[in-house]
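Let me begin by presenting the structure, written as structure tokens, before commenting on it.
Lettering follows sequence order; numbering is per chain, from 1. Since the model is a prediction, treat every value here as computed from it, not as a measurement.
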There are 2 protein chains.
Amino acid sequence: MQNLSSMHNITEHHNHQRCIDDAMTRAKALCHSRQVKFTRIREQVLACVWANHQPVGAYTILEELAKDSSRRPAPPTVYRALDFLLDNGLVHRIASLNAFIGCQDPSHQHQGHFLICRQCRNATELDTDIINTAINTAAKQHGFSVEVPCVEVVGCCAHCKENRDND
Amino acid sequence: MQNLSSMHNITEHHNHQRCIDDAMTRAKALCHSRQVKFTRIREQVLACVWANHQPVGAYTILEELAKDSSRRPAPPTVYRALDFLLDNGLVHRIASLNAFIGCQDPSHQHQGHFLICRQCRNATELDTDIINTAINTAAKQHGFSVEVPCVEVVGCCAHCKENRDND
DNA sequence: AAATAAAATGTTATAATATTGCATTTGCAC
DNA sequence: GTGCAAATGCAATATTATAACATTTTATTT
């Protein structure tokens, strides 16, 4: 299901093990400070999500869990873990892909904006206010109160534009 | 499946029959000018989508078609009609709801931005560049080329804020 | 008008994603 | 250890979407 480009990292040569370690450490600390349980399953699911920078589907996670342990968990196991991670801001859901991705900054509640590369399928979470401001401005003109902005932009990332093997 | 608020219109007292008539007229003219066929099924599906301003699911459309004619169409019938309507810009898909909504302006190709009211479930398509500009600006900073921006904002519309029966 | 080709629709089956409901286990407070 | 709440296991099923192939309709050519 994953193509070759799944081996590309979000920037060409970043140390992804560091991404994973940081994410897991942050998650552990955050759950501890919130007094919620970072159970084995939740940890495994988060690790799957952080395996790379591509949004991953619930059933793909299921496959991965089945590889690790001899027992094959059922869908609710994964969905419950994902719900927990979503609630605690540790992952985001990408609605347009029915997939999940690790959150870059779980410490403060937010709904990220994503740049999703059609080519390598990496998704980059944006940390800018420009888009939220624009959305709020546009919404205000309609008397609309924004609660959950969802921005998922499909296109072509810088790295894939360089390696012109696209389309 | 629809709640009571489904009777609210997108603005409090707009003549929705006019919305429908306009949309159907536009669709007919547009298909004629493009020399593509606005068949009975496509027309029925578009009419379902325009029945109100709430995004409607494919299987809800299926139910509606079953009511009209004695024969019950199968899912591919509806999905094929929806694909046609999407291709021709007559409807948009709301990814976060797995649902479809009529396009306000099918004459030029665009991916709309939507304000979706959590309360009455109406979705308003925005016609502003503010958001696209912001997305392009943010994307540019990452060397990312935008192809399909998807903006689906959940919140509370002006009308529902007035009638404080929310939450 | 008959033959042909292309497009649209019908039909069956199935894939992919997600949830419900209830049983069991685990971790923790007392 | 007892009792409770949270977490997980498990079976079934709901929801959304597509694949593959047959049939019908429409348009085009002859």
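As judged by a 4.0 angstrom heavy-atom cut-off over every strand, B:Arg40 is placed among residues making no nucleic acid contact.
Atom pair B:Ile61:CD1 and D:dT16:P shows a separation of 11 Å (rounding to whole Å applied). Note: CD (A:Glu63) to P (C:dA16) measures 10 Å, nearest angstrom. B:Gln35 places its CD atom 15 Å from the C1' atom of C:dA7, with the value rounded to the nearest Å. Atom CG of A:Leu62 is separated from atom P of D:dT8 by 14 Å (rounded to the nearest Å). Put simply, CG on B:Asp83 is 16 Å from P on C:dA7, counting in whole angstrom units. Here D:dT8 presents its P atom at 10 Å from CD of A:Gln44, a figure rounded to the nearest Å.
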Check: protein-nucleotides 9-14 of chain D nitrogen or oxygen pairs below 3.5 Å:
residue: D:dG9; atom: OP2; partner: A:Thr77; partner atom: OG1; Å: 3.2
residue: D:dG9; atom: N7; partner: A:Arg80; partner atom: NH2; Å: 2.6
residue: D:dG9; atom: O6; partner: A:Arg80; partner atom: NH1; Å: 3.1
residue: D:dC10; atom: OP2; partner: A:Arg71; partner atom: NH2; Å: 3.3

So which protein N/O to nucleotides 26-30 of chain C N/O distances come out below 3.5 Å?
none

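Within a heavy-atom distance below 4.0 Å of DNA chain C, the residues of residues 84-101 of chain A found are A:Arg93, A:Asn98.
Remark: side-chain polar atoms of A:His53 are not paired, donor with acceptor, to backbone N or O of A:His16 under 3.5 angstrom. The main-chain N or O of A:Thr133 is found under 3.5 Å from a side-chain atom of A:Thr137 such that the two form a donor-acceptor pair.
Distances shorter than 4.0 Å separate some side-chain N or O of A:Tyr79 from OP1 or OP2 on C:dA18.
Listed by chain and number, the hydrophobic cluster partners of B:Phe114 are A:Val148, B:Ile94, B:Leu97, B:Ile101, B:Ile116, B:Val154, where partners are ILVMFWY side chains within reach of under 4.5 Å, directly or through others.
When the salt bridge (charged side-chain N to carboxylate O under 4.0 Å, His left out) test is applied to B:Asp127, no partner is found at least two apart in sequence or on another chain. For the salt bridge (charged side-chain N to carboxylate O under 4.0 Å, His left out) test, no residue two or more places apart in sequence or in another chain qualifies with B:Arg71. For B:Glu63, the side-chain contact (heavy atoms from CB on, under 4.5 Å) partners two or more places apart in sequence, or in a different chain, are B:Arg72. Qualifying salt bridge (charged side-chain N to carboxylate O under 4.0 Å, His left out) partners for A:Lys28, counting only residues two or more places apart in sequence or in other chains: A:Glu43. Among residues two or more places apart in sequence or in another chain, the side-chain contact (heavy atoms from CB on, under 4.5 Å) test is passed with B:Ala23 by B:Arg26, B:Trp50. For B:Thr39, the side-chain contact (heavy atoms from CB on, under 4.5 Å) partners two or more places apart in sequence, or in a different chain, are B:Lys37, B:Ile41, B:Arg42.
The stretch residues 86-102 of chain B participates, sequence neighbours left out, in these side-chain hydrogen bond (donor to acceptor under 3.5 Å, both in side chains) pairs: B:Arg34-B:Asn88, B:His92-B:His110, B:His92-B:Glu125, B:Arg93-B:Asn98, B:Ser96-B:Glu152. Residues in residues 121-146 of chain B take part in no ring-ring contact (aromatic ring centres under 6.0 Å, His included) pair, two or more places apart or across chains.
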